[in-house]
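To start, the structure itself, in structure tokens.
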Amino acid sequence: MSDLLELTRLKQLYPVKGGHLHAVDDVSFSIGKGESLGLVGESGCGKSTLVRLISRLVDPTEGAILLNGRDIAGCPAKTFGRDADRRRIQVVFQDPTDSLNPQWRVGKSIADPLRRLTKGMSEAEITKAVALAAERSGLPVALLDRFPHQLSGGQKARVGIARAIVLEPELLILDEPTSALDVSVQVLILKLLDDLRSRLGMSYLFVSHDLNVVRMICDRVAVMYLGKLVEIAPTEALFENPRHPYTRALLSAIPGRSEGRITLQGDARSPINPNPHVCRFYGRCPVGQDRCAQSAPLLTFAAPDHGAACHFA
Ligand SMILES: Nc1ncnc2c1ncn2[C@@H]1O[C@H](COP(=O)(O)OP(=O)(O)OP(=O)(O)O)[C@@H](O)[C@H]1O
């Protein structure tokens, strides 16, 4: 797998009374083309700062950010908005409400990156691209005329994803994309993201404080502590054999860890939903917890946006 993104000795220092705070301290890692890398660590460890550096909202104090071999850290944050690489990196934020203009119909919000970052697209082409992004994100085209406050949390999350993928980026940075959602919708959005990555061949940097979520959709996991990268490993290796004491502490703090794991997998047909998911689940169920808590390890999970339903296999 060749690298899409490579960070080399990236540093971000903030001036504080009596010195500097090392928000990101000498961080190096890479993300392969089509790879999903999870980034975990406790609050304040520097995850958001790293996201802001990679998406070029702020300039690093030191270090390189190679995108397809080009050092985009050399392009000032102020002008990166006009850079050809800008459209290759998109971010999905934690609370989609924050990234949507409340006075715009959501179709206009999804079209906005196209209008700002591409040149020469006709209105017909923009409308077609918006409809395709909505369809890929599982957002009915009829909802494009609504305002954000007229949508559910799950639908707004889909708008945020449609807006991010409309430019067909190579790197999608997902900054706690499901933490504002209730648990049944969370599973659907994670499944959608997992499918989109394989369909569109994007790479993910998936930032989360929830290790169970990271385990579901990441190929590798990077662990940050006090601005430093303390461990990076393939997901299963990290969960089965954590090397750094901080990683071990994080893993031991996962609720219900002793009960097992959750993964998402493939499509199965069901009479309830023409496009259901199968949720292979061991442990506490993320949906319909009451019913599923004592379930057999495998259950099928067929869930439209509202009214998720679990079925024991
Ligand atoms: N603009 C700034 N000026 C000074 N210090 C900052 C600034 N932005 C962040 N910090 C500090 O840098 C450190 C890392 O912050 P950051 O927001 O990156 O952490 P985080 O891991 O994303 O936390 P959370 O999960 O709570 O969002 C924190 O100690 C924070 O207080």
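Start at 1 and go down the list; that is how both ligands and their atoms are numbered.
- Under the side chain to side chain donor-acceptor pair (under 3.5 Å) criterion, Arg197 pairs with Asp219, not counting sequence neighbours.
- The other members of the hydrophobic cluster of Val141, by chain and number, are Leu100, Val106, Ile110, Leu114, Leu117, Met121, Ile126, Val130, Leu139, Leu143, Leu144, Leu151, Val159, Val166, Leu167 (side-chain heavy atoms under 4.5 Å, ILVMFWY only).
- Around ligand 1, the residues contributing at least one heavy atom under 4.0 Å from the ligand are Tyr14, Leu21, Ala23, Glu42, Ser43, Gly44, Cys45, Gly46, Lys47, Ser48, Thr49, Arg52.
- For the 3.5 Å distance criterion, the side chains of Gln94 and Ser179 qualify, holding a donor opposite an acceptor.
- The NZ atom of Lys78 sits 12.5 Å away from the CZ atom of Arg56 when rounded to the nearest 0.5 Å.
- Take Arg248 and apply the side chain to side chain donor-acceptor pair (under 3.5 Å) test, not counting sequence neighbours, and it matches no residue.
- Under the salt bridge (Lys or Arg N to Asp or Glu O under 4.0 Å) rule, Glu123 has a single partner from Lys128, Lys108, Arg115, which is Arg115.
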